[in-house]
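Note sheet for the following structure.
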Amino acid sequence: MGKKNITNAARFSLELWNVGLFALVWMFYYNKFAFDTYQAPGGGISILIYFIIYKSLCDVYKAFRIASCPIGETVFSQVISFGIPDLILYVECSLIFNHPVNIWPGAGIVCMQFIGTMAIITIAKNYLMRHVAAKKTVFIYGKDISEEEIEDFKSRILVKYAHIFDVAAMVSEETGEEELLRQMDECCTVLLYEVSYDKRHFLADYCLKRHKEIYFTPNLDDIVLQGCQPKHLLDTPLFRYDYVSYKKAEYKLKRLFDILFSFILLIIASPIMLITAAAIKLEDRGPVFYTQDRCTKDARVFKIYKFRSMIVDAEKNGFIPCTSGDNRITKVGRVIRMTRIDELPQILNILKGDMSFVGPRPERVEHVEKYTQDLPEFAYRMRVKGGLTGYAQIYGKYNTSAYDKLRLDLMYIENQSLLLDLKILMLTFKIIFIPESTEGFSKERSKLLAAAKQKPVKVGSVPASKEF
């Protein structure tokens, strides 16, 4: 049985189990409270609504990615996907009945959904690992890529996806054409890592003709083209790229959304923020908040607010990126960093208009100066407001390289919409519970970054960071 057959069988089993259990408890208990008459069509419509919400959330949270995600992450995605419609339909039933309905039958079904989901995903994953061989893969890397960089990329791939990729060879694009083609013929999957455009075009064409699976890292031009609009002015197809956004009405709506929901969130989060402030103060009697100069749209500098998670004067000896297990992080700081509570004061930045809920994370001013020196295209990130969360926060990590963050952020900028913003906000809830997204730099890489940042700053006026 192939990988697709296993994952499809698991997908069908999950849908049948979770939707079937809901249908059971709804038709035999909750339906009578929601519908006095027309109980059969009313129940059918309720089950259909549940199924639509469940399927939509599964698509957002990638809840059927059994082969490529850890078991725990896939189970968590499923729990969100069936838990939210369970809650919505329970609330709907109580509102129609005009009185809270007994929650325990539903709670029992949720427990059964969780147990069955965990069993199905675990069985499917273990079967995949034991009976489906990893695909024989050749890594072809660009001529400017160091051996250390390609080894790092390989190790990161294999840590999570060794059951998918069986790396048979790693060769440079400068290898002779005959040898390159021979290596590709011996593998069923080809991964092109930072290969030059001309060589990538040739190799990709070769793979397509031979029906080989191909992965490649996009360059910035590939991503920018996603923002083009097809124009049929002649019988010759044209693509139009307009630097001035044609979505001004959407941006106004986005600002209205930011104001409304930041105000609501500030009220909801105020107890957590008060407890956090008290905990920080009690631990070392130091300042509760930390401010830092960041760049937002059009390189405008503003002060970002955060709860202090490090010791006082953590950067008195200069900038040093946070490392995994950094001893400068306080006990409270470790908790609020892991749960992202340290970012909550940025709701005030959103209310002020410095930031939006969704957008590229605003970088420190000195980072912008350094990155734009090495990579001028980095300035493209500042075409939009910085965000509390963003595409790079969902699909990257704290220690993701500047170039990869730029590619992720440009993917958002070129495809931005209110629907994408909503999807990113929903995914942010999931990311909070994934520890690896907050993973720090290694100590060696941290030292290299720290040394690179000791340069004069030229972007605006840059006062020192302040604590209060």
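Everything numeric in this text was worked out from a predicted model, so none of it was measured.
- The side chain to side chain contact (heavy atoms under 4.5 Å, CB included) search around Thr74 returns Ile66, Cys69, Ile121, not counting sequence neighbours.
- Within the structure, side chain to side chain donor-acceptor pair (under 3.5 Å) contacts touching residues 51-64 (residues at least two apart or in different chains) are Glu15-Lys55, Asn18-Tyr54, Tyr54-Gln78.
- Taking the side chain as every heavy atom from C-beta outward, Phe257 and Asp421 never approach each other to under 4.5 Å.
- Here the CG atom belonging to Asn349 is positioned 9.5 Å from the OG1 atom belonging to Thr296, to the nearest 0.5 angstrom.
- Applying the side chain to side chain contact (heavy atoms under 4.5 Å, CB included) rule to Ile164 yields the partners Ser68, Tyr161; only residues at least two apart in sequence or on another chain are considered.
- Here the side chains of Tyr251 and Gln416 are in contact, with some heavy-atom distance below 4.5 Å.
- Aromatic rings from Tyr371 and Phe378 are positioned such that their centres are separated by under 6.0 Å.
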Stepwise side chain to side chain contact (heavy atoms under 4.5 Å, CB included) test for Lys125 and His163: CA-CA 10 Å; Lys125 183 76 170 187; His163 59 289; 3.6 Å; yes
Carefully, step by step, assess Phe289 and Tyr305 under the rule ring-ring contact (aromatic ring centres under 6.0 Å, His included). CA-CA 7 Å; Phe289 296 105; Tyr305 305 124; 7.6 Å; no
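- Within a 6.0 Å sphere centred on CZ of Phe114, heavy atoms belonging to other residues, nucleotides or ligands number 12 at most.
- Listed by chain and residue number, nothing satisfies the salt bridge (charged side-chain N to carboxylate O under 4.0 Å, His left out) test with Arg294 (two or more places apart in sequence, or in another chain).
- Shown here are the salt bridge (charged side-chain N to carboxylate O under 4.0 Å, His left out) partners of Lys352, two or more places apart in sequence or in another chain: Asp354.
- In summary, of the residues considered (Ile267, Ile350, Leu388), a side-chain contact (heavy atoms from CB on, under 4.5 Å) with Ser262 occurs for Ile350 alone.
- The pair Asp409-Arg381 meets the salt-bridge criterion, since a charged nitrogen lies less than 4.0 angstrom from a carboxylate oxygen.
- Tyr215 and Phe165 have their aromatic ring centers within a separation under 6.0 angstrom.
- Distance check, rounded to the nearest 0.5 Å: CG of Leu192 to CZ of Phe139 gives 10.5 Å.
- Residues Tyr30 and Cys93 approach most closely at O-SG, 3.5 Å, considering heavy atoms.
- More than 12 heavy atoms of other residues, nucleotides or ligands lie within 6.0 Å of CG in Leu233, so this atom counts as buried by the packing criterion.
- Closest of all the heavy-atom pairs between Asp86 and Phe22 is OD1-CD1, 3.7 Å.
- We find that Glu194 and Arg407 are joined by a salt bridge, their nearest charged nitrogen and carboxylate oxygen being less than 4.0 Å apart.
- Between Lys254 and Asp258 no salt bridge is recorded (no basic side-chain N to carboxylate O distance below 4.0 Å).
- Between Ser94 and Val101, the shortest heavy-atom distance links the atoms OG-N, 3.3 Å.
- To the nearest 0.5 Å, atoms CG (Leu406) and CD1 (Ile223) are separated by 7.0 Å.
- Under the 4.5 Å side-chain criterion, counting only non-hydrogen atoms from C-beta, Ser196 is in contact with Glu173.
- Using a 4.5 Å cut-off on side-chain heavy atoms (C-beta onward), Val79 and Thr117 make no contact.
- Under the side-chain contact (heavy atoms from CB on, under 4.5 Å) test applied with Tyr193, the options Ile157, Ile140, Thr217 reduce to a single match, Thr217.
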Yes or no on side chain to side chain donor-acceptor pair (under 3.5 Å) for Gln292 and Tyr290, after CA distance, side-chain angles and deciding distance? CA-CA 7 Å; Gln292 200 176 68; Tyr290 177 74; 3.0 Å; yes
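- Separation of atoms OH (Tyr141) and CG (Asp144) is listed at 12.0 Å; rounding is to 0.5 Å.
- Here the closest heavy-atom approach between residue Pro360 and residue Lys385 is recorded as CD-O, 3.6 Å.
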Under the side chain to side chain contact (heavy atoms under 4.5 Å, CB included) criterion, do Asp293 and Lys303 qualify, and how do the steps go? CA-CA 5 Å; Asp293 290 297; Lys303 291 191 180 297; 3.4 Å; yes
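- Between Arg337 and Glu343 there is no salt bridge, since no side-chain nitrogen of the basic residue lies less than 4.0 Å from a carboxylate oxygen of the acidic one.
- A heavy-atom distance below 4.5 Å is not found between the side chains of Lys297 and Met355.
- In this structure, the side chains of Leu128 and Thr7 come closer than 4.5 Å at one or more pairs of heavy atoms.
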With side chain to side chain contact (heavy atoms under 4.5 Å, CB included) as the criterion, how do Glu92 and Leu87 come out once you've worked through the C-alpha distance, each side chain's angles and the decisive distance to 0.1 Å? CA-CA 9 Å; Glu92 176 202 19; Leu87 181 62; over 6 Å; no
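- The existence of a salt bridge linking Glu73 and Lys430 is confirmed by a sub-4.0 Å separation between a basic side-chain nitrogen and an acidic carboxylate oxygen.
- Here the NZ atom belonging to Lys405 is positioned 8.5 Å from the NE2 atom belonging to His367, to the nearest 0.5 angstrom.
- In this structure, the side chains of Tyr403 and Asp374 stay at 4.5 Å or more apart for every pair of heavy atoms.
- Annotation for Ser309 and Ile336: closest pair CB-CD1, 4.0 Å, computed over non-hydrogen atoms.
- For the pair Met426 and Leu57, the minimum side-chain heavy-atom distance is below 4.5 Å.
- In this structure, Tyr412 and Gly359 approach most closely via the heavy-atom pair CE2-CA, 3.9 Å.
- Note: Leu344 CG to Met273 CE = 5.5 Å, rounded to the nearest 0.5 Å.
- Counting heavy-atom neighbours within 6.0 Å of Lys281 NZ, excluding the residue itself, gives a total above 12.
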When you look at Glu414 and Leu225, which way does the side chain to side chain contact (heavy atoms under 4.5 Å, CB included) test go after all the steps? CA-CA 8 Å; Glu414 299 301 341; Leu225 284 174; over 6 Å; no
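- Every side chain to side chain contact (heavy atoms under 4.5 Å, CB included) that Ile88 has, sequence neighbours left out, goes to Ile53, Ile84.
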